[in-house]
Amino acid sequence: NGIIQKLYTDSGKFATVYRSSGDNIRDMLISGNGKYIYSATSAGLIRTDLDTWGSEAIIAIPKSHMYSVLEDSEGNIWTGGVSGIYYYSLKTGDATHIAAIGNGKSVKTNSLVEDRYHRIWAGTVDGLSFINPSTYPMVTINYTEADGLPTGTINEESMLLTSISRSEERFSRNAEN
């Protein structure tokens, strides 16, 4: 079950602020502005307001199993799951489905991280991909076993480490993109 609880430090007691039967929470983050918790769940992306503790599904993203959530350096939200990657613009409230991952189809995305060049790295069932959000359409490059990965799948037990931001220059085919 998907449950978010708040600890009241004065009493030392927990209170449930979000509960949804059947939803599993797989990843969470507190937004950089400190206003929201974003949760990647089996029912999609959930946003919880830290002032009111009210929760809502992000309507722009279809209900889908989500495994990872990331806030980029611009304050936008990225989420990855069964149907690929979604980019959620906080400025417009629009979500964009990034379909050109891996072999050109939408693939299950298990983990996300941003590097120092503001590219988004995605661990997918088809390998490791990066997206350059500063280009339109967003440039994506996929790495597989043929590029030296030990396996073609970055599964949900795997995590991309933030150290990738210091080492991708040695691995990237095109650090300019």
Which of these passes side chain to side chain contact (heavy atoms under 4.5 Å, CB included) with T79: Y88, Y86, Y87?
Y86
Heavy-atom closest pair, residues [X] and [Y]:
| X | Y | value |
| --- | --- | --- |
| Y8 | A15 | CE1-CB, 3.5 Å |
| I85 | A122 | CD1-CB, 3.5 Å |
| D115 | W121 | OD2-NE1, 2.7 Å |

From [X] atom [atom1] to [Y] atom [atom2], the distance as rounded to the nearest 0.5 Å:
| X | Y | atom1 | atom2 | value |
| --- | --- | --- | --- | --- |
| N76 | E114 | CG | CD | 9.5 Å |
| I4 | S39 | CD1 | OG | 3.5 Å |
| L112 | M66 | CG | CE | 10.5 Å |
| N110 | T124 | CG | OG1 | 8.0 Å |
| L50 | I30 | CG | CD1 | 6.0 Å |
| Y36 | I46 | OH | CD1 | 14.5 Å |

Listed by chain and number, what are the side chain to side chain donor-acceptor pair (under 3.5 Å) partners of Q5, not counting sequence neighbours?
T16
Got a sec, which residues hit salt bridge (charged side-chain N to carboxylate O under 4.0 Å, His left out) with R47, two or more places apart in sequence or on another chain?
E56
Would a single hydrophobic cluster contain both I3 and F14, if residues Ile, Leu, Val, Met, Phe, Trp and Tyr are joined by side-chain heavy-atom contacts under 4.5 Å?
no
Would one find more than 12 heavy atoms of other residues, nucleotides or ligands at under 6.0 Å from atom CG of L90?
yes
Taking [X] for the side chain and [Y] for the main chain, is one N or O donor matched with an acceptor at less than 3.5 Å?
| X | Y | answer |
| --- | --- | --- |
| E71 | L29 | no |
| N24 | S42 | no |
| T48 | G54 | no |
| H97 | S83 | yes |

With side chains defined as the heavy atoms from C-beta onward, is the minimum distance between R26 and H65 less than 4.5 Å?
yes
